[in-house]
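For the single chain, residues carry numbers from 1 onward in sequence order. The figures here come from the full heavy-atom set of this structure, side chains too, leaving out hydrogens, waters and symmetry mates. Remember, predicted model here, so these are calculated numbers, not experimental data.
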Amino acid sequence: IAPVQRLPRYVLFLKDLVRYTFPAHQDYEELVEALESVKKTAKEVNRAKKRFEQTEMVFEVAARFDQVYHSEIIAPARRFICDIFMFRDHPRGVNLAHIALQDIYIIILFSDLLIISQPRDHPFRNSDNFSRAKLVTKRKADNQSKSITDFQQADHDLEFVSAVDILQLQIEDDGSDTKVVFRFPVETGEFMDEITLYTRTIGERLEFSNVVENNKNRLLNKKAKPANVPSKRRRFFSRKFLRHK
């Protein structure tokens, strides 16, 4: 058993000791303190493990894009949070394999940055993995996975469209549909532009919006610096993206 796997066993062992020790016993209070101390340590180890995995995922996601973007996506303290498929039109009742490739987007959320991308190959054809709620990294997904793509994709299989500092990003929805309106400053910063995409379900839209807001609040509380937005495309949305509006 690896050392990191022993902590949960110690928690269970101490719980049993506390359960079968009379409160009047001279060691009872110390056993309770030991249990709380080990539980706290186990939580800290789990948080550190999760942070490490999220940081490692940044490298995996960067490998999905052309190399010119790698150094811009990978940044100190940046962590992968989640990703989600979105569509230019409402996908309700539509076979996803029939949706045009140019209408499919993958939104990738990092701890301080949101990237909008498009798959270079159709992700809903010739695959048995689309029953999953979320599908974007090459890592083998498990039941606790927060990322997209159980199916193996070649490197550079995503096309970069845009990046937005999440502190500058506004997300609006009507509260009853799968529509998501992204509002963001254009390059000059003098006015806001917006783009509308759709999630597959209301639940996905609610979860995604909540995760973004939670990250924004965390950054505001830490008075974070602006995100390292890819310099090769300073416009928040490329001309290719805007042509489809």
Side-chain angles (χ1 to χ4, degrees), residues 43 46-48 50-62 64-65 69 72-87 105-118 133-137 144-148 158 160-231 233-238 241:
K43 288 181 180 179
N46 287 336
R47 282 196 293 267
K50 182 179 179 180
R51 286 194 298 270
F52 173 80
E53 291 174 346
Q54 289 176 323
T55 300
E56 188 179 37
M57 289 283 288
V58 174
F59 292 87
E60 294 190 12
V61 172
R64 307 291 299 279
F65 294 92
Y69 298 110
E72 304 289 355
I73 293 173
I74 299 169
R78 179 166 293 160
R79 295 178 293 110
F80 171 86
I81 302 300
C82 69
D83 45 29
I84 184 173
F85 280 114
M86 289 192 184
F87 308 87
Y105 292 84
I106 293 175
I107 312 300
I108 305 172
L109 178 65
F110 295 102
S111 53
D112 60 342
L113 186 73
L114 181 137
I115 289 181
I116 296 178
S117 66
Q118 288 190 282
K134 293 184 179 177
L135 302 169
V136 202
T137 180
Q144 304 299 319
S145 177
K146 287 290 184 181
S147 78
I148 291 182
L158 296 181
F160 179 89
V161 174
S162 175
V164 186
D165 183 335
I166 66 171
L167 290 178
Q168 297 179 326
L169 176 69
Q170 297 178 19
I171 295 182
E172 300 177 1
D173 56 67
D174 60 11
S176 61
D177 202 351
T178 63
K179 181 171 69 175
V180 179
V181 180
F182 293 97
R183 300 190 74 246
F184 50 90
V186 296
E187 186 177 11
T188 61
E190 296 176 356
F191 60 92
M192 303 290 284
D193 202 349
E194 67 180 42
I195 188 68
T196 300
L197 296 174
Y198 294 85
T199 60
R200 285 179 286 189
T201 66
I202 294 176
E204 282 188 352
R205 190 261 300 163
L206 288 172
E207 181 181 1
F208 178 75
S209 297
N210 289 337
V211 171
V212 172
E213 287 304 314
N214 289 339
N215 271 278
K216 288 177 68 174
N217 292 335
R218 180 184 56 79
L219 288 175
L220 288 171
N221 290 338
K222 290 185 176 181
K223 297 181 179 180
K225 297 181 180 180
N228 184 15
V229 177
S231 57
R233 289 259 189 107
R234 287 297 182 180
R235 292 188 187 90
F236 281 98
F237 283 87
S238 65
F241 186 77

- Note on the structure: Those residues at least two apart in sequence (or on a different chain) that pass side-chain contact (heavy atoms from CB on, under 4.5 Å) with Thr201 are Glu204
- Message: Taking the side chain as everything from C-beta on, heavy atoms only, tell me whether Ile107 gets closer than 4.5 Å to Val180.
- Response: no
- Task: Could you tell me whether the side chain of Ile166 reaches within less than 4.5 Å of the side chain of Leu109, counting heavy atoms only?
- Result: yes
- Quick one: does Phe182's side chain get under 4.5 Å of Ile171's, heavy atoms only? yes
- Note on the structure: To the nearest 0.5 Å, atom CD of Glu56 lies from atom CZ of Arg79 at 14.5 Å
- Once the angle between the rings of Phe80 and Phe110 is folded into 0 to 90°, is it parallel (under 30°), tilted (30 to 60°) or perpendicular (over 60°)? perpendicular
- Taking all heavy atoms of Leu158 and all of Ile106, pick out the closest pair and write down the distance. CD2-CD1, 3.7 Å
- Query: Given side chains that start at C-beta, do those of Ile195 and Tyr105 come closer than 4.5 Å, heavy atoms only?
  - Reply: no
- Message: We want to know whether Asn215 and Arg218 form a side-chain donor-acceptor pair, criterion being a heavy-atom distance below 3.5 angstrom.
- Response: yes
- Item | Flag side-chain contact, heavy atom, 4.5 Å: Ile115 against Tyr69 | no
- Query: What distance separates Ile74 CD1 from Glu60 CD, expressed to the nearest 0.5 Å?
  - Reply: 11.0 Å
- Item | Test item: Thr178 side-chain N/O and Tyr198 main-chain N/O as donor-acceptor pair under 3.5 Å | no
- About how many Å separate CD1 of Ile84 and CD1 of Ile108, when rounded to the nearest 0.5 Å? 12.0 Å
- Starting at CG of Leu167, measure out to NZ of Lys216 and round the result to the nearest 0.5 Å. 7.5 Å
- Item | Closest contact, heavy atoms only, Ile73 versus Arg78 | O-NH1, 2.9 Å
- Of all the heavy-atom pairs spanning Ser111 and Ala77, show the shortest one and how long it is. OG-O, 3.7 Å
- Query: Below 4.5 Å, heavy atoms only, C-beta onward: do Phe208 and Thr199 meet side chain to side chain?
  - Reply: no
- Taking the side chain as every heavy atom from C-beta outward, state whether Ile202 and Arg205 have any pair of such atoms under 4.5 Å apart. yes
